[in-house]
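Here's the structure we're looking at; comments come further down.
None of the values given here were measured: they were computed from a predicted structure.
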Amino acid sequence: MGILRLLCLTNLLLLLPIALHSANTYNVGDPVPLFVNKIGPLHNPSETYKYYELAFCRPDQVLEKKEGLGEVLNGDRLANALYDLKFAVNKTGVILCQQKLNRDDVAKFRDAIINDFYYQMYYDDLPLWAFIGKVEDANLTVDGKGPKYFLFTHVQFDALYNGNQVIEIHAFSDPSHVVDVTEDIDVKVEFTYSIIWNGTSTPYKNRMDRFSGASLLPVLHQTHLFSFLNSIVILILLLGLLTVLFMRHLKNDLRKWSIGDEDEEKEVGWKYIHGDVFRCPTNLPLFSAVLGCGTQLLIMVFVLFVLAFLGVFYPYSRGALSTSIFISYTLTSAVAGYTSASFCSQYAETGWERSVFLAGILFVGPFISTAFILNILATYFSATAALPLGTIFVIFLIHALVAIPLIVLGGVTGHRYKSDLQSSPVTKKSPREIPSLAWYRKTPAQMFLAGLLPFSAIVLELHNLCATIWGYKIYTSPGILFITFVILIILTALLSVGLTYFQLTVEDHEWWWRSVLRGGSTAIFMFTYCIYFYFKSNMSGILQTSLFLATALACAMRSS
């Protein structure tokens, strides 16, 4: 618990500028900061580009806002704009700029309109969105020829204020102010905007509530409730089934033992292999590294839940979640080193160094390799998902100066202060021969069963989570998500213990790796569901597909 408190305190200190930002106050006529952020297709939420990739009105000098690590990882690229939206000052029909679009610019705008591109801005840290253009079918056009593509040239801002603070703002594209960009010809465009201010009684502290309002709808509440009841019912049924099976097997074993003669060997079932069941698992360093990585990720998830309950991850808190994940994973590296070295040292005095090394690369290695390929792909498409070289250097520097020393320190501590092996000693030089097993007792069948039941208990919440990660829904129920996560852990543990016991009753003593595979098989079902979610959605394109698969795989690895 001391380590957990230290991690939470460290995360809060590092996230203090994000979580405890001061409220901005303005007088009438004061300039309010507005930054343009990014553009992207509506159905591909991970595929975003810089705002000025299209020929919008731009200042003489585009200045990108200095962003934190989490904002860069989140794909935010804020820059200044020509819009002059002063506090509580109404404006109508203000000319932003007059611009001549060449054929390439027109073609880019038309492609953006075809793919339902939107743009995002931030006004006083409040997000706002609007579409770039519209498509009219042949039936709606005057000449009957179509489809036609129209670029919106006027933006209507509606803002609300309370006293001297900005509370709410919306952006609307005016369909009566458009330019036809159907043909590849040069076009002169006049971009304009208006802003209307109105008062409101909503306090500043509640101005983010409207972004999470959709999660409070009765329909979604019923969905969460049904998901919770479904998980509880499956948990109770499984617990009862395992209890009955345990009692039946144990009673049979005790009955066989009690009716035996004094001269007979009074060992039945799982008691035959008491001298083999705690043999050192094969490939001990790798097995220890798996335990270390799993413990690290488990603690990291609990830290993230604590931060969520503290209100750090309010809607559209730019980069807070990405920063927390990075910091938490870095600081919990010591846990991975300690767990892997401590377990490995219980069976061997040497080899713990290799287990610590494997714990350090088992998750990070594949993750960095995948991220490197995705970064090259995002750079090729000029997407905001591409990390700048400076950010990559900072990440590697933090990992080298913080994560690696912590995992080494944890490994040394785990080796020196290892706990004694609290189990029956191995009494035989050669392992007992394992009898032939039925198909349903083998690893694939048990992995299917151990993964299907927990997955069926969390599938509804998993759908909501997928809609948040790869959609525009906002998940604002950390309590329900935490309960679902705890139920998932309990179900996985119950099934692992039960299936391991049934494995031992048929004198199969090689349970170490099989227990890991059974417990982690839920991740396979989760990844499969993510693929199903992708095909049911409207996402498309090489970039979005690659980013989706990489994110889904990383989530599944974390869940396992």
Side-chain angles (χ1 to χ4, degrees), residues 34 36-59 62 75 77 79 81-83 92-121 127-158 170-195 378 380-385 470-472 537-545 547:
L34 182 145
V36 294
N37 187 15
K38 52 191 176 183
I39 57 176
L42 178 65
H43 301 299
N44 290 354
S46 302
E47 181 186 348
T48 55
Y49 307 91
K50 292 183 179 180
Y51 179 83
Y52 292 117
E53 287 291 318
L54 296 178
F56 289 113
C57 298
R58 56 191 300 163
V62 177
R77 302 293 186 269
L82 289 176
Y83 293 99
T92 304
V94 179
I95 298 176
L96 189 65
C97 75
Q98 292 180 341
Q99 199 153 314
K100 183 177 181 180
L101 304 180
N102 58 37
R103 294 184 176 183
D104 291 338
D105 296 332
V106 170
K108 287 183 178 179
F109 272 118
R110 185 173 61 252
D111 290 340
I113 295 170
I114 292 173
N115 291 292
D116 289 331
F117 265 55
Y118 67 93
Y119 59 81
Q120 185 190 41
M121 303 179 181
L128 57 149
W129 304 263
F131 282 101
I132 291 175
K134 66 175 181 177
V135 181
E136 285 192 0
D137 295 331
N139 297 331
L140 301 177
T141 58
V142 177
D143 55 5
K145 298 179 180 179
K148 289 186 176 294
Y149 306 98
F150 296 95
L151 171 67
F152 294 132
T153 61
H154 182 80
V155 181
Q156 173 67 46
F157 296 97
D158 290 344
H170 299 271
F172 302 96
S173 299
D174 192 342
S176 62
H177 293 75
V178 295
V179 170
D180 191 347
V181 292
T182 305
E183 303 293 335
D184 285 332
I185 57 176
D186 295 347
V187 178
K188 289 184 179 180
V189 180
E190 183 179 79
F191 290 99
T192 60
Y193 70 94
S194 302
I195 181 169
Y380 175 78
F381 284 98
S382 300
T384 59
W470 298 295
Y472 301 98
S537 69
N538 293 319
M539 291 183 280
S540 61
I542 297 176
L543 181 60
Q544 175 65 31
T545 303
L547 293 171

Interatomic spacing from [atom1] in [X] to [atom2] in [Y] - rounded to 0.5 Å:
{"X": "Phe172", "Y": "Asp158", "atom1": "CZ", "atom2": "CG", "result": "5.0 Å"}
{"X": "Tyr119", "Y": "Ser173", "atom1": "OH", "atom2": "OG", "result": "4.0 Å"}
{"X": "Thr192", "Y": "Gln98", "atom1": "OG1", "atom2": "CD", "result": "10.5 Å"}
{"X": "Ile39", "Y": "Glu47", "atom1": "CD1", "atom2": "CD", "result": "10.0 Å"}
{"X": "Cys57", "Y": "Leu82", "atom1": "SG", "atom2": "CG", "result": "6.5 Å"}
{"X": "Arg110", "Y": "Ile132", "atom1": "CZ", "atom2": "CD1", "result": "14.0 Å"}

State, with a plain yes or no, whether a side-chain heavy atom of [X] is found less than 4.5 Å away from one of [Y].
{"X": "Met121", "Y": "Asn37", "value": "no"}
{"X": "Gln120", "Y": "Lys38", "value": "yes"}
{"X": "Tyr83", "Y": "Ile195", "value": "no"}
{"X": "Val135", "Y": "Ile113", "value": "yes"}
{"X": "Pro45", "Y": "Met539", "value": "yes"}
{"X": "Leu101", "Y": "Leu151", "value": "yes"}
{"X": "Thr48", "Y": "Tyr118", "value": "yes"}

Atom OH of Tyr380: over 12 foreign heavy atoms under 6.0 Å: no

Over 12 foreign heavy atoms within 6.0 Å of CD1, Ile542: no

Ring centroid separation Phe109 to Phe56 under 6.0 Å: yes

So which atom in [X] and which in [Y] form the shortest heavy-atom distance, rounded to 0.1 Å?
{"X": "Ser194", "Y": "His154", "result": "OG-CE1, 3.1 Å"}
{"X": "Phe131", "Y": "Phe117", "result": "CD2-O, 3.4 Å"}
{"X": "Asp186", "Y": "Asn102", "result": "OD1-CA, 3.3 Å"}
{"X": "Ala171", "Y": "Ala130", "result": "O-CB, 4.1 Å"}
{"X": "Ala55", "Y": "Phe191", "result": "O-CE1, 4.3 Å"}
{"X": "Thr384", "Y": "Lys50", "result": "CG2-N, 3.6 Å"}

Under 3.5 Å: donor-acceptor pair, side chain of Asn44, backbone of Ser540: yes

Qualifying residues under salt bridge (Lys or Arg N to Asp or Glu O under 4.0 Å), relative to Lys108, sequence neighbours excluded: none

Carboxylate-amine/guanidinium contact Lys188 Glu190, below 4.0 Å: no

